[in-house]
Amino acid sequence: MTFRLYDTATREVRDFVPLEEGKAGLYVCGLTVQSEPHVGHVRSAVNFDVLQRWLRHAGYEVTFIRNVTDIDDKILVKAAEQGRPWYNLAYAMKRELDKAYAALNVAPPTYEPAATGHIPEMVELITELIARGHAYAAEDGSGDVYFDVRSWPQYGELTRQKIDDMEAAEDADPRGKRDPRDFALWKGWKKESEPETAAWPSPWGPGRPGWHIECSAMASKYLGTAFDIHGGGVDLRFPHHENEQAQSRAAGHPFASYWMHNAWITTAGEKMSKSLGNSLLIPEVLKRVRGIELRYYLVAAHYRSHVEFSFEALDEVAVGFRRIESFLERAGSPQLERAVSPQLEGAISPQLNGKGPDSASDTSLSQQLNENVQLPQGFVEAMNDDLGTPAAVAVMYDAVREGNRMLGAGDTDGARRLASDVLAMLDVLGLNPHDPAWPTTGGSNDHQLTQAVDVLVAGLLEQRARARANKDFAAADAIREQILAAGIEIEDTPTGPKWSLEAGTT
RNA sequence: GGUGGGUUGGCCGAGAGGCGAGGCAACGGACUGCAAAUCCGUGUACACGGGUUCAAAUCCCGUACCCACCUCCA
């Protein structure tokens with residue numbers, strides 16, 4: 001069964017047929033680094049991370065590009081408000097974003113190009129568009145360059161809109177435009193209000209790139225003028241992706257074969273935004289649940305489904321995830337059995353410029369992503385059907401239940417087999433709890449603490465065991481209560497009592 | 001005005017003509033000294049009104065409500 005995915009452009013689920021057999025080129029719009037990332041932002045990253053992992057598992061050699069927009073109006077405005085250079089703000093927010101990705105085990109892309117590093121490529125593309133009669137320098141001397149929407153009859157094809165049906169933009173400064181829908185490819189430097197550091201030389205005078213042109217230029221640089229999948233959040237369909245496609249095709253590039261868009265996470269029925277406060281920023285959410293639990297919450301819903309975020313739902317889902325983890329532990333914490341194939345090593349090595357990905361988690365990525373692992377058929381079918389993660393998760397729970405049943409029946413070998421299936425499924429979803437890519441919380445300090453608690457609890461458990469042997473259940477229960485009051489749960493197993501930190505308090 | 005998406009049991013969330021995805025919660029049972037954990041069982045859900053069909057949550061028509069995008073938001 002081949003991989004099928006929903007293509008937003010054609011509005012149907014289609015077989016994935018890559019341009020080049022065995023290879024897949026992906027471009028996903030990353031973030032504008034102007035503020036701290038919230039849950040909504042990372043959903044996109046997690047969704048496409050799952051896509052990347054699944055394609056790799058299926059044996060594709062994946063080139064995955066996720067850009068960073070590090071110059072734009074909002075960055076300039078905010079930096080000015082905060083009284084610091086725009087590049088200082090952009091870099092700080094980029095680091096916050098990286099932390100959030102790491103906390104959610106979002107594997108690094110092949111390249112993560114930044115807009116400011118690709119000005120020449122953009123200038124070149126704009127020049128080509130002018131030469132072909134699809135773009136023009138504004139007649140008002142502003143130094144702006146606009147895409148001429150009327151010159152491109154297919155404009156609107158991605159989102160099926162007609163130019164004349166579109167509401168004209170309430171453009172603050174429409175003077176230089178031939179049509180109100182024309183969009184900026186290049187924005188002339190405004191001496192009075194913008195720092196000189198935010199202006200680059202160009203044939204049209206100093207200025208900076210428009211948003212859309214960045215992605216067109218960077219996608220073709222790293223993936224070629226034709227590539228397989230372009231992704232992003234639904235809100236980017238228009239204008240961003242429509243404009244990207246118009247520019248690139250007007251410049252003679254075939255551009256993306258498939259368009260994928262992830263749906264929103266809302267809170268209280270509203271799109272997440274900073275106006276709702278900072279409670280949904282990643283560091284805040286991670287005070288409540290672990291990164292792996294937040295990732296599971298995001299993976300358990302289909303990427304095209306709208307998710308109404310709530311902490312209650314997040315807590316419930318986390319409880320469900322702990323059941324999976326506890327089965328793995330009960331079954332003996334299996335390791336993934338597999339060999340890293342040379343082919344896979346190739347899949348993550350650089351394909352351009354001879355420069356490797358600069359991330360240190362490179363090796364863990366190669367360990368994670370392996371097509372040799374055997375997965376249950378139901379899981380594979382679910383994933384092949386437009387990344388049907390909810391159905392895939394259901395398959396995982398079936399295995400967990402069956403495995404627990406086997407444990408109850410004393411079939412430890414059978415349970416272990418199922419546990420390794422579960423682990424393999426988790427791994428493909430980026431949810432393997434043993435994955436070294438998960439940030440460790442406390443290091444050696446943490447370990448020492450655990451040892452200390454273990455000794456103390458062991459002493460109490462011994463007293464409890466003695467009381468139970470003497471049928472002094474009141475005393476035994478009192479000890480259990482005492483331990484529980486400290487936030488530690490006791491579980492009596494056939495091999496003796498075990499303790500663990502109370503769920504939800506970690 | 002245009003374009004796209006949605007409304008599923010107490011809650012979360014799949015499915016897209018015919019055997020009740022899955023999770024959380026609840027209740028009953030097994031196990032346990034009692035618990036916990038685990039397993040087994042328990043639901044006649046698909047916004048509303050029509051229609052098509054042997055069969056509709058799923059297709060068609062209509063209605064209501066919600067959401068997103070319409071020029072620099074994942």
Side-chain angles (χ1 to χ4, degrees), chain A residues 8 11 28-32 34 37-48 69 72-74 146-147 149 156 159-162 164-171 177 180-184 187 209-214 231-240 242-243 261-266 269-273 297 300-302 304-308 310 312-321 323-324 326-327 330 378 382 388-398 401-409 468 471-474 476-477 480 484 489-493 497-498 500:
Chain A
T8 320
R11 289 193 295 182
V28 173
C29 290
L31 287 184
T32 299
Q34 45 120 351
H38 58 57
V39 177
H41 292 132
V42 296
R43 177 184 193 183
S44 181
V46 167
N47 286 156
F48 288 105
T69 297
D72 92 320
D73 289 350
K74 283 187 180 168
Y146 294 108
F147 183 85
V149 160
T159 50
R160 297 173 188 238
Q161 299 183 92
K162 298 194 185 91
D164 292 315
D165 289 338
M166 294 176 193
E167 279 181 4
E170 289 181 38
D171 202 309
K177 290 187 181 182
R181 290 98 176 165
D182 288 352
F183 56 89
K187 310 182 85 155
W211 179 34
H212 317 300
I213 200 72
E214 297 172 11
V234 277
D235 58 324
L236 298 183
R237 291 173 65 232
F238 194 92
H240 188 51
E242 186 72 69
N243 291 354
H261 292 98
N262 65 278
W264 289 104
I265 291 196
T266 56
E270 282 182 65
K271 187 167 157 176
M272 278 191 189
S273 72
Y297 176 73
H302 188 85
R304 283 194 286 122
S305 290
H306 168 110
V307 169
E308 171 71 18
S310 76
E312 291 71 25
L314 181 61
D315 289 343
E316 280 184 13
V317 160
V319 168
F321 186 73
R323 186 154 76 88
I324 299 175
S326 103
F327 164 62
R330 278 156 48 87
T389 51
V393 165
V395 172
M396 215 156 54
Y397 273 103
D398 288 342
R401 194 182 321 105
E402 181 60 22
N404 274 323
R405 195 183 292 137
M406 285 175 169
L407 281 175
R468 290 179 71 199
K471 307 253 185 247
D472 184 358
F473 296 120
D477 289 349
R480 187 168 63 197
L484 188 63
E489 286 179 333
I490 300 304
E491 186 184 331
D492 288 323
T493 74
K498 280 173 57 182
S500 59

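Since this is a predicted model, take the numbers as computed values, not measurements. Just so it is clear: chains get the letters A, B, ... in the order the sequence lines come, proteins before strands, and each one is counted from 1. Both backbone and side-chain heavy atoms feed into the values below; hydrogens, waters and symmetry mates do not.
Whole-Å rounding puts the A:Asp235 CG to B:rA68 P distance at 11 Å. To the nearest angstrom, C1' of B:rU3 lies 14 Å from CZ of A:Arg181. Spacing between atom NE2 of A:His38 and atom P of B:rA74 amounts to 8 Å, rounded to whole angstrom units. For the pair A:Asp165 CG and B:rG1 P, the interatomic distance rounds to 12 Å; values are reported in whole Å. In this entry the distance linking CZ of A:Arg160 with P of B:rA68 reads 23 Å, nearest Å. As rounded to whole Å, 13 Å separates atom C1' of B:rG4 from atom CD of A:Glu242. Taking atom NE2 of residue A:His240 and atom C1' of nucleotide B:rA68, one finds them 17 Å apart after rounding to whole Å. Here the P atom of nucleotide B:rG23 and the CZ atom of A:Phe327 are 14 Å apart, to the nearest Å.
When the side chain to side chain contact (heavy atoms under 4.5 Å, CB included) test is applied to A:Ser500, the partners found at least two apart in sequence or on another chain are A:Glu489. Residues passing the side-chain hydrogen bond (donor to acceptor under 3.5 Å, both in side chains) test with A:Glu402 are A:Arg405, sequence neighbours excluded. Listed by chain and number, the residues in a side-chain hydrogen bond (donor to acceptor under 3.5 Å, both in side chains) with A:Ser44 are A:Asn262 (sequence neighbours excluded). Scored by the side-chain hydrogen bond (donor to acceptor under 3.5 Å, both in side chains) test, A:Glu316 finds no partners at all (sequence neighbours excluded). Every residue two or more places apart in sequence or in another chain was checked for a ring pair (Phe, Tyr, Trp, His ring centres under 6.0 Å) with A:His302, and none qualifies. In terms of the side-chain hydrogen bond (donor to acceptor under 3.5 Å, both in side chains) criterion, residue partners of A:Asp73 (sequence neighbours excluded) are, by chain and number, A:Lys187, A:Arg208. Residues passing the side chain to side chain contact (heavy atoms under 4.5 Å, CB included) test with A:Asp72 are A:Thr32, A:Thr69, A:Lys74, A:Ile75, sequence neighbours excluded. Listed by chain and residue number, A:Phe309 satisfy the ring pair (Phe, Tyr, Trp, His ring centres under 6.0 Å) test with A:Tyr297 (two or more places apart in sequence, or in another chain).
A:Asn243 comes within 4.0 angstrom of a nucleotide base, judged by non-hydrogen atoms across all strands. Contact annotation for A:Gly30: backbone-only contact, meaning every heavy-atom pair under 4.0 Å involves sugar-phosphate atoms and none involves a base. Using a 4.0 Å heavy-atom criterion, one finds that A:Ala45 contacts no nucleic acid atom at all. Looking at heavy-atom distances under 4.0 Å, A:Thr32 makes contact with sugar-phosphate atoms alone, never a base.
Checked by atom type and distance alone, the side chain of A:Arg323 never pairs as donor or acceptor with a backbone atom of A:Arg401 at under 3.5 Å.
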- Contact string for nucleotides 32-39 of chain B, one letter per nucleotide 5' to 3', B = base within protein heavy-atom range under 4.0 Å, S = sugar-phosphate only, - = neither, reads -BBBBSSS
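None of A:Tyr146, A:Phe183, A:Phe147 except one satisfies the ring-ring contact (aromatic ring centres under 6.0 Å, His included) rule with A:His212; the exception is A:Phe183.
Taking the P atom of each, B:rG15 and B:rU58 are spaced 15 Å apart, rounded to whole Å. On the C1' atoms, B:rC31 is 11 Å away from B:rC40, given to the nearest whole Å. To the nearest whole angstrom, the two P atoms, one in B:rG6 and one in B:rA14, are 11 Å apart. Separating the C1' atom of B:rA64 from that of B:rA26 is a span of 33 Å, rounded to the nearest Å. A gap of 44 Å separates the C1' atoms of B:rG28 and B:rC60, to the nearest Å. Nucleotides B:rC27 and B:rG33 have their P atoms positioned 23 Å apart, rounded to a whole Å. When the P atom is compared between B:rU3 and B:rA45, the two are found 36 Å apart, to the nearest whole Å. With both ends at atom C1', the span from B:rA30 to B:rA37 equals 14 Å, rounded to whole Å.
Of the two residues near RNA chain B, A:Lys162 and A:Arg304, the one whose nearest nucleotide lies more 5' is A:Lys162. Residues A:Thr159 and A:Asn262 each lie close to RNA chain B; by heavy-atom proximity, the contact nearer the 5' end of the strand is made by A:Thr159.
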Shorter than 3.5 Å, N or O on both sides, protein versus nucleotides 13-18 of chain B: list them out with atom names.
{"unit_1": "B:rA14", "atom_1": "OP1", "unit_2": "A:His302", "atom_2": "N", "d": "2.8"}
{"unit_1": "B:rA14", "atom_1": "OP1", "unit_2": "A:Ser305", "atom_2": "OG", "d": "3.0"}

Listing time: all N or O pairs from protein to nucleotides 25-31 of chain B that are below 3.5 Å?
none

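Distances from the side chain of A:Tyr397 to the nucleotides B:rA21, B:rG23, B:rU71 place B:rG23 closest. Side-chain proximity of A:Arg11 to B:rU3, B:rC12, B:rC73: nearest is B:rU3. Candidate nucleotides B:rC73, B:rG22, B:rA74 were compared by shortest atom distance to the side chain of A:Asp398, and B:rG22 ranks first.
For the residue pair A:Val149 and A:Arg181, the shortest heavy atom distance occurs at CG2-O, 3.5 Å.
Stem regions annotated for RNA chain B: B:1-7 with B:64-70, B:10-12 with B:22-24, B:26-30 with B:38-42, B:47-51 with B:59-63, counting only runs of 3 or more consecutive pairs of Watson-Crick or G-U type with both contacts under 3.5 Å.
Once rounded to the nearest 0.5 Å, the distance linking CD1 of A:Ile490 with CZ of A:Arg480 reads 8.5 Å. Note that NZ of A:Lys498 and CG of A:Asp492 are 11.5 Å apart. Values are rounded to the nearest 0.5 Å. We find the CG-OG distance between A:Asn404 and A:Ser326 to be 6.5 Å, quoted to the nearest 0.5 Å.
A parallel orientation is assigned to the rings of A:His240 and A:Trp211, their planes being inclined by less than 30° (bins at 30° and 60°).
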